[in-house]
Amino acid sequence: MNWQVLIPLLLLLAVIFMIGIWSNRKLNQSSSFISDYFLGSRELGGLVLAMTMAATYGSASSFLGGPGAAYTIGLGWVLLAMTQVATGYFILLVLGKKFAIVTRRFQSVTLIDFLKTRYQSSTVVIISALSIVIFLFSAMAAQWIGGAHLIQSITGLSYLGALFLFAVAVLVYVIIGGFRAVAVTDATQGIIMFVGTFILLIAVVMAGGGIPSIMNDLTTINPNLVTPFGHDGQLNAAYVTSFWILVGVGVVGLPQVAVRAMSYRDARSMHRALMIGTVVVGVIMLNMHLIGVYARPVLPGIEVADQVIPMIALETLPPWVAGIVLAAPLAAMMSTVDSLLLLVSSSVVKDVYINYFRPQASRSHVKKVSIGFTAFLGIIVFLLSINPPDLLIYLNLFAFGGLEAAFIWPIIFGLYWKYANKHGAIASMLVGIVSYIAIYQYNATYGDLLGVHAVTIPVVLSCIAFVGVSLLFKQKPYYFEEALS
């Protein structure tokens with residue numbers, strides 16, 4: 001066991017647990033357990049908001065799966081990944097002030113709270129909760145697996161032992177601290193990610209003899225590695241363009257990201273987060289995916305591509321520096337999985353259990369159920385992660401696509417179209433989910449339908465379904481001014 005590498009990671013965990021304890025004290029002092037545990041009492045400033053968005057979005061797929069794919073596919077995957085630069089900008093631009101104002105006046109603590117009040121439909125609530133549970137289990141499993149791989153490569157523990165260690169570390173501080181612990185920890189981890197990517201990129205370039213030498217080596221290995229089309233030429237223009245829907249504009253439909261647009265303090269915080277978040281996401285994505293490509297000549301023949309980041313860090317950096325740098329991907333995975341845990345927990349506890357079974361539940365009962373269910377979710381995901389897939393990024397992107405197909409139009413039309421109604425929302429969600437799963441399975445068997453990513457066609461079909469059915473069952477126009485008065 002390499003203690004020089006391990007000690008910085010243990011120090012990071014110690015800081016995280018201290019944040020969790022501090023957040024737990026704030027939680028106990030709060031007048032509303034639900035609002036504080038699941039939304040941090042809407043007190044996030046600009047820096048914390050930007051970092052929690054970046055850290056939540058930047059996950060195992062960004063720090064292990066993405067660089068692993070770049071290692072295999074080449075610079076084409078870097079180009080593909082950079083479509084994510086505008087993610088934070090789109091989220092706060094599309095949702096922004098209106099979403100924050102509306103959810104405050106609706107007293108919405110979760111995204112499903114907003115949908116329930118906007119559409120006045122228990123069917124919308126049930127479909128939303130099921131979608132979040134089903135698809136986010138895939139996303140959470142990806143983080144658990146990534147964390148286990150990283151800890152395994154550093155400590156020499158078995159995969160199962162590393163998985164257990166990661167699960168316990170995340171569950172402890174999420175359960176005791178709630179959303180505030182998640183957000184403040186995300187800010188800490190976001191800074192680590194930002195700095196760590198620069199350090200590792202410089203080390204890899206130096207180990208490869210400079211960028212010109214690395215590019216020559218890549219061309220020798222496979223000329224396609226330095227083209228926009230990938231190692232096998234499959235990254236065509238249609239696929240790259242459609243991928244932007246998945247990791248660009250479509251991210252507006254991700255519940256774990258949208259909920260952050262409900263949690264900031266004021267307009268100034270949102271504007272600051274918009275600028276900081278765009279820069280941070282852009283730098284992290286560019287650096288991490290370039291590292292994956294540049295590592296190919298330095299460490300050729302890596303069999304499990306998802307392990308390229310820990311392997312190249314241990315190869316090119318002094319042990320204690322490697323420990324600090326490897327805290328970045330560990331931070332990314334922990335900050336994503338903590339957010340997903342709270343999101344799934346809030347969807348079941350707040351949006352289903354309390355709304356329909358125990359609306360008069362006491363604070364102590366809600367607290368016990370919330371913490372208990374969060375722990376239960378962690379155990380289930382742990383069991384699902386015991387047999388990991390080959391490439392984490394595909395597991396994560398599957399979850400992203402399913403959530404976007406389900407939620408993007410109910411959120412956007414719900415905010416901006418006065419004729420949006422529950423019939424359109426239900427039709428849109430069902431069409432989006434069913435068509436996405438069907439097309440995803442088709443693509444896995446026969447190749448990409450029409451040469452585009454699996455999320456593209458379902459997003460279009462769900463939009464058509466929403467507009468068509470809303471107009472077919474046209475209701476009285478919905479004006480937020482009246483609803484909020």
Side-chain angles (χ1 to χ4, degrees), residues 90-91 93-96 98-99 101-103 105-106 108 110-135 242 244-246 248-255 258 261-262 347 351-352 355-356 400-443 449-450 452-485:
F90 274 115
I91 294 163
L93 183 69
V94 174
L95 300 180
K98 186 166 186 177
F99 192 56
I101 293 169
V102 168
T103 53
R105 294 295 297 273
F106 283 172
S108 302
T110 67
L111 174 63
I112 298 179
D113 260 351
F114 163 74
L115 297 176
K116 175 177 179 286
T117 308
R118 173 63 177 87
Y119 294 111
Q120 296 293 308
S121 170
S122 58
T123 305
V124 170
V125 173
I126 299 300
I127 295 174
S128 299
L130 287 174
S131 301
I132 287 175
V133 171
I134 291 169
F135 288 111
S242 66
W244 190 55
I245 296 175
L246 178 68
V249 293
V251 177
V252 172
L254 292 179
M262 300 165 58
S347 300
D351 300 316
V352 178
N355 277 341
Y356 298 107
F400 274 26
L403 292 169
E404 290 172 10
F407 288 105
I408 185 169
W409 301 121
I411 294 173
I412 293 176
F413 284 134
L415 276 177
Y416 294 105
W417 189 36
K418 62 185 179 181
Y419 290 111
N421 58 51
K422 65 180 181 180
H423 305 290
I426 293 169
S428 175
M429 296 175 83
L430 291 177
V431 168
I433 294 167
V434 172
S435 62
Y436 176 72
I437 293 175
I439 292 173
Y440 191 91
Q441 292 299 322
Y442 176 92
N443 289 356
L449 182 64
L450 302 180
V452 297
H453 190 274
V455 76
T456 308
I457 298 173
V459 164
V460 174
L461 293 178
S462 62
C463 180
I464 295 171
F466 195 112
V467 175
V469 175
S470 290
L471 294 177
L472 182 64
F473 295 94
K474 197 169 183 178
Q475 297 179 346
K476 178 184 176 182
Y478 188 99
Y479 294 102
F480 278 112
E481 291 77 10
E482 295 177 2
L484 299 175
S485 62

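All values reported here derive from a predicted model rather than from experimental measurement.
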Please report the shortest heavy-atom distance between [X] and [Y], naming the atom on each side.
| X | Y | result |
| --- | --- | --- |
| A406 | M429 | O-CG, 3.2 Å |
| L246 | V251 | O-CG2, 3.8 Å |
| G253 | I411 | CA-CD1, 4.1 Å |
| A427 | V469 | CB-CG2, 3.6 Å |
| G250 | I408 | CA-CD1, 3.9 Å |

Given 3.5 Å as the limit, does a donor-acceptor pair link the side chain of [X] with the main chain of [Y], or not?
| X | Y | result |
| --- | --- | --- |
| S428 | C463 | no |
| S470 | V467 | no |
| S435 | G432 | yes |

From [X] [atom1] over to [Y] [atom2], what is the distance, rounded to the nearest 0.5 angstrom?
| X | Y | atom1 | atom2 | value |
| --- | --- | --- | --- | --- |
| Q475 | Y119 | CD | OH | 11.0 Å |
| H423 | T123 | NE2 | OG1 | 10.0 Å |
| L461 | I439 | CG | CD1 | 6.0 Å |
| F407 | L111 | CZ | CG | 6.0 Å |
| I126 | K116 | CD1 | NZ | 11.0 Å |
| I245 | H453 | CD1 | NE2 | 10.0 Å |

Is there side-chain contact between [X] and [Y], with at least one heavy-atom pair below 4.5 Å?
| X | Y | answer |
| --- | --- | --- |
| S121 | I426 | yes |
| V125 | L115 | no |
| F400 | V455 | no |
| L430 | I127 | yes |
| I112 | I132 | yes |
| T117 | Q120 | yes |

Exercise for review: May I ask you to establish whether R118 and F106 are in a cation-pi arrangement, using a distance under 6.0 Å from NZ or CZ to the six-membered ring centre and at most 45° from the ring axis?
Suggested key: no
**Study point:** Cation-pi, Y479 ring and K418 (6.0 angstrom, 45 degrees)
**Key:** no
Check your understanding: Any idea how F466 and W417 line up, ring-wise: parallel (<30°), tilted (30 to 60°), or perpendicular (>60°)?
Key -> tilted
Point to revise | I464/W409 under side-chain contact (heavy atoms from CB on, under 4.5 Å): CA gap, chis, key distance, verdict | key: CA-CA 10 Å; I464 295 171; W409 301 121; over 6 Å; no
Revision key, fill the gap. Those residues at least two apart in sequence (or on a different chain) that pass ring pair (Phe, Tyr, Trp, His ring centres under 6.0 Å) with Y436 are F398, Y440
